[in-house]
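Below is one structure, written out as structure tokens; the observations come after it.
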Amino acid sequence: MDSCRKQLKSDCELLLGHFQKTESVRFQVFSQIWRESNFTHIFYGTVRHEKRAFSRLVLDLAYSYFLPPFSFQIRVGGLYLLYSLYQCQTASPPEQIRVALKDWDEAMKFEKDAADAQHLDAVYILRRLMFLKAFHFTAMPTLLAFKKKRKMAKSALCEQFVERACRPQELINGDLLEELSNIHELYEKMKTSISLPSETSVNLIHKSFVPQLRSTVLDFHKWQQNKDATDQDEDCGEGTSSQQECSNRAGLLASIKSKAYGEAAEASKSRRHRQVEVDPTSNESGPSNTQGHSKNTKPSLKTRTNENIRISGDLWKDALSTTKISRLTGLDPVTAEKLKQFKRFTWK
């Protein structure tokens, strides 16, 4: 089933991309896109023993779009996608949606935000899934199994679905800037009233603090707006730049190889005494088999034993003589007496 993950991810992103273009969070709009795409056919063609595993894979993939860091619209689309896939799956009994306990707080926060914004259809779909007992609460987000890879290959997030960083614009507004300017002015007056003119601590106050903060936030907002245009321009020239980079890298490798094989590398100081010397008496110009290349052969075990162990007298004769074992087991005395009773027949 892991081989189908890439294709399923592209299909889900294509469906959510169409939903994102509508700039709506209504379930009616999503259901229309679902019917036009014939997304129900995604379960067709699976073998009977693969239905449950395929349903589990599709639900796990759709559940990832219901969690941060995706935008609110994509999370709503992920919720609608979960509900539609759960209702249309062919596995019987239906496969449940695996939810980790640490992610349930995000789901409750999402429900509260949707209720505050009066997106009642999203709240209804979430509570409908809870009523159908479609969630299977687990300790870990992924299923742990024996002899499974610990580090799974993580797929890259779709940048179009990720929510943009708009927190600076929300924090730095007109009222806050006006309040900051008033406080800064009062602080500057108090600092000058209690300090002497010769003190340098008064110069530490930034007089243009509020205008600089406002300009910084505006620059960040303009950078966000112009980032998409620059990314598109970079994508257009990505092919030529990648080809140039590959050619430069190939040229660099070729130069390194030619330098390595063309020139003789000088031996290091610690290995110069191990260099091969040329025998002038030999007819061939190749290196001679010197002592540096000869192997130190160790004496055999028998030779070392004879050298280390000293035996004298009759013990040495007994040790050198070989033992002959004619019979490992002996007959019982009763069996031996029976054999003696038999008569020996002689052939004439």
Side-chain angles (χ1 to χ4, degrees), residues 1 4-5 8-44 46 50-143 157-158 161-163:
M1 287 301 165
C4 305
R5 184 181 294 275
L8 289 173
K9 186 174 182 294
S10 61
D11 293 340
C12 293
E13 289 181 355
L14 182 62
L15 179 67
L16 293 176
H18 292 321
F19 181 68
Q20 188 183 23
K21 291 178 181 179
T22 60
E23 297 181 357
S24 174
V25 291
R26 304 277 76 86
F27 182 72
Q28 182 179 0
V29 178
F30 178 84
S31 61
Q32 183 179 357
I33 299 173
W34 174 277
R35 290 191 298 269
E36 291 177 355
S37 303
N38 293 325
F39 214 79
T40 312
H41 297 169
I42 198 172
F43 292 102
Y44 295 170
T46 54
E50 294 180 352
K51 289 182 178 181
R52 185 162 299 279
F54 185 77
S55 300
R56 187 185 301 115
L57 177 62
V58 173
L59 291 175
D60 290 344
L61 188 60
Y63 175 70
S64 62
Y65 296 102
F66 179 58
L67 299 175
F70 297 106
S71 61
F72 182 79
Q73 185 186 9
I74 297 299
R75 294 184 66 185
V76 172
L79 177 64
Y80 295 159
L81 183 62
L82 270 178
Y83 177 74
S84 304
L85 291 172
Y86 180 79
Q87 294 288 352
C88 298
Q89 62 177 311
T90 56
S92 180
E95 184 67 25
Q96 291 180 314
I97 303 168
R98 187 183 179 89
V99 180
L101 293 177
K102 67 181 183 64
D103 298 332
W104 187 244
D105 294 336
E106 295 290 342
M108 293 294 98
K109 185 179 178 181
F110 171 82
E111 182 185 6
K112 184 178 181 302
D113 295 341
D116 294 340
Q118 295 298 316
H119 301 312
L120 301 181
D121 44 359
V123 178
Y124 171 77
I125 293 297
L126 181 59
R127 293 185 180 180
R128 180 64 179 171
L129 288 173
M130 295 170 62
F131 176 76
L132 295 174
K133 297 181 180 180
F135 295 114
H136 176 59
F137 297 98
T138 58
M140 302 295 293
T142 56
L143 183 64
L157 296 177
C158 185
F161 296 165
V162 178
E163 187 176 7

Could you tell me which non-hydrogen atom of Y63 sits nearest to which non-hydrogen atom of A100, and how far apart they are?
OH-N, 4.4 Å
Taking atom CD of E36 as the centre, report whether more than 12 heavy atoms of other residues, nucleotides or ligands fall under 6.0 Å from it.
yes
I need the minimum non-hydrogen distance between F30 and G77, along with the two atoms involved.
CE1-O, 3.9 Å
Find the distance between CG (L85) and OH (Y80) and round it off to the nearest 0.5 Å.
15.0 Å
List the steps, then state whether side chain to side chain contact (heavy atoms under 4.5 Å, CB included) holds for K9 with L61.
CA-CA 7 Å; K9 186 174 182 294; L61 188 60; 4.0 Å; yes
Would you please name every residue forming a side-chain hydrogen bond (donor to acceptor under 3.5 Å, both in side chains) with K112, sequence neighbours left out?
D116
I'd like to know whether E95 forms a side chain to side chain contact (heavy atoms under 4.5 Å, CB included) with L59, so could you lay out the CA-CA distance, the side-chain angles of the two residues, the decisive distance to 0.1 Å, and finally the verdict.
CA-CA 8 Å; E95 184 67 25; L59 291 175; 4.3 Å; yes
Please confirm whether the ring centroid of F135 lies under 6.0 Å from the ring centroid of W104.
yes
Closest approach of P94 to Q89 (non-hydrogen atoms, all atoms of both residues):
CB-NE2, 3.3 Å
Mark yes when over 12 heavy atoms from residues, nucleotides or ligands other than Y124 sit less than 6.0 Å from its OH; otherwise mark no.
no
Search all heavy atoms of F27 against all heavy atoms of S84 and return the closest pair with its distance.
CE1-OG, 4.4 Å
4.5 Å side-chain heavy-atom contact, F66 and D103
no
Scanning both residues in full, the closest heavy-atom pair of S24 with V29 reads OG-CG2, 3.8 Å
Which atom names give the shortest non-hydrogen contact between Y65 and C12, and what distance separates them?
CE1-CB, 4.1 Å
